[in-house]
Amino acid sequence: MKRTEIKHALQMQESEIEINVKGWVRTKRGSKNVAFIALNDGSTIHNLQLVVDLEKIPESALANIHTGAAISAIGILVPSTGSGQKVELNVHQITLLGAASPDEYPLQPKKHSLEFLREKAHLRYRTNTFGAIARLRHAMTFAIHNFFNERGFYNIHSPIITGSDAEGAGEMFHVTTLNLENIPRTPEGKVDFKQDFFGKEANLTVSGQLEAELAALALSKVYTFGPTFRAENSNTSRHLAEFWMIEPEVAFFDITDDMDLAEEMLKYLIDYAIEQCPDDLAFLSKRQQDEEKNKKAEERSMELLEKLNFVRTQPFERISYTQAIDILRNSNYNKKGKFQYPIEKWGADLQSEHERYLVEKHFQKPVIITDYPREIKAFYMKQNDDGKTVRAMDVLFPGIGEIIGGSQREEEYEKLLNRIKEMDIPMESMWWYLETRKFGTVPHAGFGLGFERLMLFITGMGNIRDVIPFPRTPLNLEF
RNA sequence: UCCUCCUUAGCUCAGUUGGUUAGAGCAUCUGACUGUUAAUCAGAGGGUCGUUGGUUCAAGUCCAACAGGGGGAGCCA
């Protein structure tokens with residue numbers, strides 16, 4: 001008999017029909033005459049209640065059915081006589097597919113800490129929280145492709161392995177087939193990469209941006225959506241060594257077009273989550289509200305759906321770095337010395353506490369900061385005429401901080417070349433990037449959206465290790 | 001990498017100024033229960049108190065190192 005997914009079973013209008021469901025047992029409750037099994041198959045956060053009449057099915061058939069076991073059940077779908085659900089399955093045949101020893105199966109029908117579940121990452125998909133996150137992660141992936149496809153963007157597969165070591169976004173992981181026990185050396189004593197697989201030094205990419213720019217300068221509107229790798233020793237709830245990034249790149253776009261695109265995309269994605277995943281969001285909202293009860297009143301954040309709706313409907317505030325510095329310098333926080341790093345002079349990078357003040361206290365909505373000092377930004381950003389700033393833009397979100405970083409790119413060959421020299425970036429590996437500025441260069445812009453940071457915002461989770469199935473962080477590679 | 005906190009039963013935690021045999025709730029097992037909703041009720045089993053070393057008549061409790069984890073900072077997405 002063909003399997004019916006629980007998501008569909010729960011939505012069926014006709015009653016009194018025979019169906020076969022398969023899934024994993026969440027709880028089993030028994031009394032003398034009847035046993036109840038809550039079954040979940042991942043198709044939805046909701047369980048189907050199986051009702052087992054112990055006069056028809058011997059209790060011995062249920063003996064090895066415990067929390068975590070996989071079963072198949074055939075029965076008649078009927079309106080429920082209990083109050084917790086609309087329909088339930090009157091089971092007349094039940095088969096154990098895979099047992100889960102109650103002595104060893106670590107997940108119990110109770111609340112577990114996220115820290116505990118990180119150590120059981122191979123099983124945590126089976127919890128309501130991680131099931132909901134997995135479904136939302138899929139929905140957001142799909143929505144991103146949808147968003148760009150609807151607007152005529154082409155998806156570009158930028159390479160994972162790169163020969164460029166100057167993408168300017170952080171420390172890189174080496175890729176090599178050299179024998180690490182016996183590394184070949186040049187006469188000068190350096191590693192002889194000529195003997196390596198590619199005949200030169202290779203790394204995992206930190207960004208698909210440079211390749212996306214090449215594509216944009218031919219196809220006009222492109223985006224990448226792939227894994228990126230950073231070997232930074234970052235130990236925070238907002239950083240991963242392996243994370244997914246969305247990087248649109250558009251020819252003939254200036255910085256304002258770029259900001260418009262970023263804002264439209266983020267709002268589209270929030271819309272999509274609210275429309276397509278109401279049950280999972282409702283669960284995560286309730287989860288978050290339970291967590292909030294343990295916090296002090298002033299640390300509590302907005303309810304998840306309220307927060308999503310709020311961000312969806314508010315225009316993002318757009319200010320320049322210079323305006324941001326003025327606001328911060330004149331803020332009561334600064335005057336009362338509440339900042340750990342007081343605002344002193346123009347030119348310093350904004351600290352997390354400053355970004356949080358602007359987003360969460362001053363404007364109380366997402367903020368886009370533009371035109372940062374050139375000294376604190378990457379080499380490829382378009383230089384403004386003032387000689388001090390570049391056309392960069394960062395989108396800051398409440399509770400997350402920087403969710404998007406982008407810029408209009410420097411399209412003038414001489415200016416880009418000078419900047420590369422100023423910043424001591426090795427030019428040999430960048431010749432192909434520079435050539436795009438020699439042949440038919442045009443103004444263009446793009447940005448990078450951290451997919452897991454988006455997931456933090458959408459799910460209301462607090463730690464980035466919980467919105468990716470198998471997080472890669474320093475000293476952590478168990479799964 | 002820096003600062004800070006934590007590590008006691010399968011899980012979440014309590015454990016007094018260092019002092020007999022280390023506790024609770026949930027989970028598990030056994031029994032009871034005519035339909036439960038993370039069922040309920042009764043009983044049982046379950047611990048080298050993260051590891052190593054030190055102080056002390058005496059260490060879960062004090063000190064040190066190491067390991068693992070949380071929160072914050074930097075780097076950024």
Side-chain angles (χ1 to χ4, degrees), chain A residues 26-38 46-55 63 66-68 78 80-85 88 90 100-120 127-128 167-171 206-209 227-247 262 294-295 299 340-341 349-356 376-378 394-397 400-406 447-457 462-468 473-476 478:
Chain A
R26 286 294 173 80
T27 63
K28 184 178 80 170
R29 300 176 288 275
S31 65
K32 195 173 188 178
N33 300 322
V34 65
F36 300 94
I37 294 170
H46 299 297
N47 301 326
L48 177 66
Q49 172 155 280
L50 310 185
V51 184
V52 183
D53 187 339
L54 296 176
E55 285 181 3
H66 297 104
T67 298
V78 297
S80 177
T81 55
S83 60
Q85 56 282 317
E88 61 191 15
N90 279 336
S101 165
D103 294 334
E104 295 174 65
Y105 186 65
L107 303 185
Q108 300 163 6
K110 60 174 276 190
K111 193 179 162 168
H112 290 291
S113 70
L114 295 171
E115 292 83 0
F116 173 72
L117 291 170
R118 268 171 226 150
E119 293 172 3
K120 310 281 180 229
T127 63
N128 285 330
E167 288 166 7
E171 288 296 310
V206 294
S207 161
Q209 181 200 314
T228 50
F229 308 87
R230 304 215 178 149
E232 304 284 350
N233 191 9
S234 297
N235 294 285
T236 82
S237 53
R238 303 184 310 283
H239 290 86
L240 292 164
E242 176 182 299
F243 65 99
W244 290 68
M245 191 151 63
I246 296 99
E247 295 179 283
N294 301 325
K295 292 187 187 168
E299 287 173 6
Q340 195 187 339
Y341 298 92
D349 209 350
L350 300 178
Q351 306 289 325
S352 290
E353 59 177 347
H354 305 138
E355 296 179 349
R356 269 209 310 276
I376 59 174
K377 288 292 180 184
D394 284 359
V395 181
L396 310 179
F397 260 32
I400 313 283
E402 186 178 347
I403 194 167
I404 280 179
F447 62 79
L449 166 66
F451 186 55
E452 283 75 20
R453 291 202 179 159
L454 171 75
M455 289 303 300
L456 281 177
F457 181 74
N463 193 315
I464 204 162
R465 295 175 180 90
D466 297 326
V467 295
I468 188 168
T473 54
L475 301 175
N476 187 349
E478 181 67 23

Is the phosphate of B/G72 approached by A/R238 (side-chain N or O, under 4.0 Å from OP1 or OP2)? no
If the cut-off is 4.0 Å, is A/R118 near the phosphate of B/G70, judged by side-chain N/O to OP1 or OP2? yes
N/O (side chain, A/T236) to phosphate O (OP1/OP2, B/G72) under 4.0 Å: no
Please state whether the phosphate of B/G74, meaning OP1 or OP2, lies under 4.0 angstrom from any side-chain nitrogen or oxygen of A/N233. no
B/G72, OP1 or OP2 - any side-chain N/O from A/S237 closer than 4.0 Å? yes
The single option from A/L240, A/I400, A/T473 that satisfies side-chain contact (heavy atoms from CB on, under 4.5 Å) with A/I464 is A/L240
List every contact pair, protein side and nucleotides 29-33 of chain B side both N or O, where the distance is under 3.5 Å.
| unit_1 | atom_1 | unit_2 | atom_2 | d |
| --- | --- | --- | --- | --- |
| B/C29 | OP1 | A/H66 | NE2 | 3.3 |

Side-chain N,O (A/R356) to OP1/OP2 (B/G72) below 4.0 Å: no
Please determine whether a side-chain nitrogen or oxygen atom of A/S113 lies at a distance below 4.0 Å from atom OP1 or OP2 of B/U12. yes
Could you please name the partner base of B/U61, counting Watson-Crick and G-U wobble pairs only when both distances are under 3.5 Å? none
Do A/F243 and the base of B/A77 stack face to face, with centres under 5.5 Å apart and an angle between planes under 30°? yes
For B/U56, which nucleotide is its Watson-Crick or G-U wobble mate, given both distances must be under 3.5 Å? none
All N/O contacts under 3.5 Å from nucleotides 44-51 of chain B to the protein, with atom names and distances to one decimal?
none

Distance check: side-chain N/O of A/Q351 vs OP1/OP2 of B/G74, anything under 4.0 Å? yes
